[in-house]
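All values derive from a computational prediction rather than experimental measurement.
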Amino acid sequence: MFNSLSGTVTGKFPNTVYLETHGIEWDITVPDSTLDALPPVGQSARVYVWMYVREDMLKLFGFATVKERDLFFDLLKVDGVGAKGAVKILSNISGAQLVQALDSGNVAALEKVPGVGKKTAAKMLLALKGKLTLDDSGTGTVRSSRSNAFADVIASLSNMGYDRRDCEQTVDRIAAALADDQDFMSKNREGREEEIFRRALVDLAQ
């Protein structure tokens, strides 16, 4: 659907930023780390977004970087952690601290994060320990896989309302099946992404 929004920051509040683009003011839920990273009100900014779709609700979540959004998606894989919970976690612990706590099995450090109790901390370890790494900026990101090569495709599909985990699994499966297809591999990046997106859309719609 869309990957990011660029416009003028018109308001900054706890866990919320207003961004005006072409006369439309967007209300975007953000973690504190993103709020701190965005420029002051009146200046231009780009926010990487994800739309939460439910029958009775449409809500935008935003992030200062793609890597931060990826970490948000990783937290959504944890049983019991919803979008609001993931934002709260990212507002109270840095990506580097989160990865360190997970890799070292430091349950006590995770439990100190507001909203994360013993059960959730255990589930986080089970789902994410050893599966995150740090990039040069110190942001936690998931370790490479076929699906990460098509992160934009996954983001587009999830923005359409499909479950993030289903999108990752579907894209990963299709990418693996096409790895030895010479016609597919001969296409440029955009062509491969279009092919993956088209096939994934068909599979997810079934």
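Ile154 and Cys167 make their closest contact through CG2-CB, 4.1 Å (heavy atoms, listed as atom of the first residue, atom of the second, distance). Nearest heavy atoms, Ser44 versus Pro39: O-CG, 3.3 Å. Closest approach of Ile89 to Val113, counting heavy atoms only: CA-CG1, 4.0 Å. Listed here is the closest heavy atom pair of Arg46 and Leu38: O-CD2, 4.2 Å. Taking all atoms of both residues into account, the shortest heavy-atom contact from Ala86 to Leu76 is CB-CD2, 4.2 Å.
Among the candidates Asp74, Asp79, Val81, Leu75, the single residue satisfying the side-chain contact (heavy atoms from CB on, under 4.5 Å) test with Lys77 is Asp74.
With hydrogens and angles ignored, the 3.5 Å screen pairs a side-chain donor or acceptor of Gln97 with a backbone N or O of Ser94. Judged by distance alone, with hydrogens and angles left aside, the side-chain atoms of Asn15 form a donor-acceptor pair with the main-chain N or O of Val30 at under 3.5 Å. A donor-acceptor pair under 3.5 Å is formed between the side chain of Glu68 and the backbone N or O of Ala64. Listed for the Ser158 side chain is a donor-acceptor partner under 3.5 Å among the backbone atoms of Ala155. Distance alone, capped at 3.5 Å, is enough to place a donor-acceptor pair between the Ser91 side chain and the Val87 backbone. Judged purely by atom type and a 3.5 angstrom limit, Arg69 uses its side chain to pair as donor or acceptor with the backbone of Val49. Side-chain atoms of Thr16 never come within 3.5 Å of backbone atoms of Phe13 as a donor-acceptor pair (strictly under, hydrogens ignored).
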Salt bridge (charged side-chain N to carboxylate O under 4.0 Å, His left out) between Arg198 and Glu195, worked out: CA-CA 5 Å; Arg198 182 181 63 79; Glu195 179 71 13; 2.8 Å; yes
List the steps, then state whether side chain to side chain contact (heavy atoms under 4.5 Å, CB included) holds for Val107 with Lys118. CA-CA 8 Å; Val107 177; Lys118 289 185 177 180; 5.7 Å; no
Let me see the working for Arg173 and Asp203 under salt bridge (charged side-chain N to carboxylate O under 4.0 Å, His left out), right down to the final yes or no. CA-CA 11 Å; Arg173 184 180 68 254; Asp203 284 4; 3.0 Å; yes
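Of the inter-residue distances, the one linking Leu128 atom CG with Lys123 atom NZ reads 13.0 Å to the nearest 0.5 angstrom. To the nearest 0.5 Å, atoms CG (Asp32) and NZ (Lys88) are separated by 11.5 Å. Here CD1 of Ile174 is found 15.0 Å from CZ of Arg192. Values are rounded to the nearest 0.5 Å. The line from CG of Leu98 to CG of Asp103 is 9.5 Å long, rounded to the nearest 0.5 Å. Between atom OG of residue Ser33 and atom CG of residue Leu71 there is a gap of 9.0 Å, rounded to the nearest 0.5 Å.
Residues Thr10 and Glu20 bring no donor and acceptor atom of their side chains to less than 3.5 Å of each other. Of the N and O atoms on the side chains of Asp152 and Asn3, not one donor lies less than 3.5 Å from an acceptor on the other residue.
By the neighbour-count criterion of 12 heavy atoms within 6.0 Å, atom CD of Glu111 is densely surrounded, having more than that number from other residues, nucleotides or ligands. Counting heavy atoms of neighbouring residues, nucleotides and ligands inside a 6.0 Å radius, atom NZ of Lys119 does not exceed 12 of them.
Hydrophobic clustering keeps Val202 apart from Ile196 (ILVMFWY residues linked when any side-chain heavy atoms are closer than 4.5 Å, directly or through intermediates). Under the 4.5 Å side-chain contact rule for hydrophobic residues, Phe63 and Val66 do not share a cluster. Val9 and Tyr48 fall into different hydrophobic clusters, where Ile, Leu, Val, Met, Phe, Trp and Tyr side chains are chained together by heavy-atom contacts under 4.5 Å. Clustering ILVMFWY residues whenever any of their side-chain heavy atoms sit less than 4.5 angstrom apart, transitively, puts Val17 in the very cluster that holds Leu58. Both Val53 and Ile28 are members of a single hydrophobic cluster when ILVMFWY side chains are connected at heavy-atom separations under 4.5 Å.
Scored by the side chain to side chain donor-acceptor pair (under 3.5 Å) test, Thr21 finds Trp26 as partners (sequence neighbours excluded). Remark: Phe61 pairs with Trp50, Phe72 by the ring-ring contact (aromatic ring centres under 6.0 Å, His included) rule, at least two apart or across chains.
Residues Leu204 and Asp163 form no side-chain contact, since every pair of their non-hydrogen atoms from C-beta on lies 4.5 Å or further apart. You'll find the side chain of Leu110 stays beyond 4.5 Å of the side chain of Asn106, heavy atoms only. Proximity of Leu157 to Val171: side-chain heavy atoms (C-beta onward) are separated by under 4.5 Å at one or more points. A heavy-atom distance below 4.5 Å is found between the side chains of Leu201 and Met160. Counting heavy atoms from C-beta on, the side chains of Glu25 and Leu19 never come closer than 4.5 Å. Residues Leu60 and Thr29 are not in side-chain contact: their nearest non-hydrogen atoms beyond the backbone lie 4.5 Å or more apart. In this structure the side chain of Leu178 reaches within 4.5 angstrom of the side chain of Arg199, judged on heavy atoms.
Ionic pairing of Glu194 and Lys187 is not present here: no N-O contact between side-chain nitrogen and carboxylate oxygen is shorter than 4.0 angstrom.
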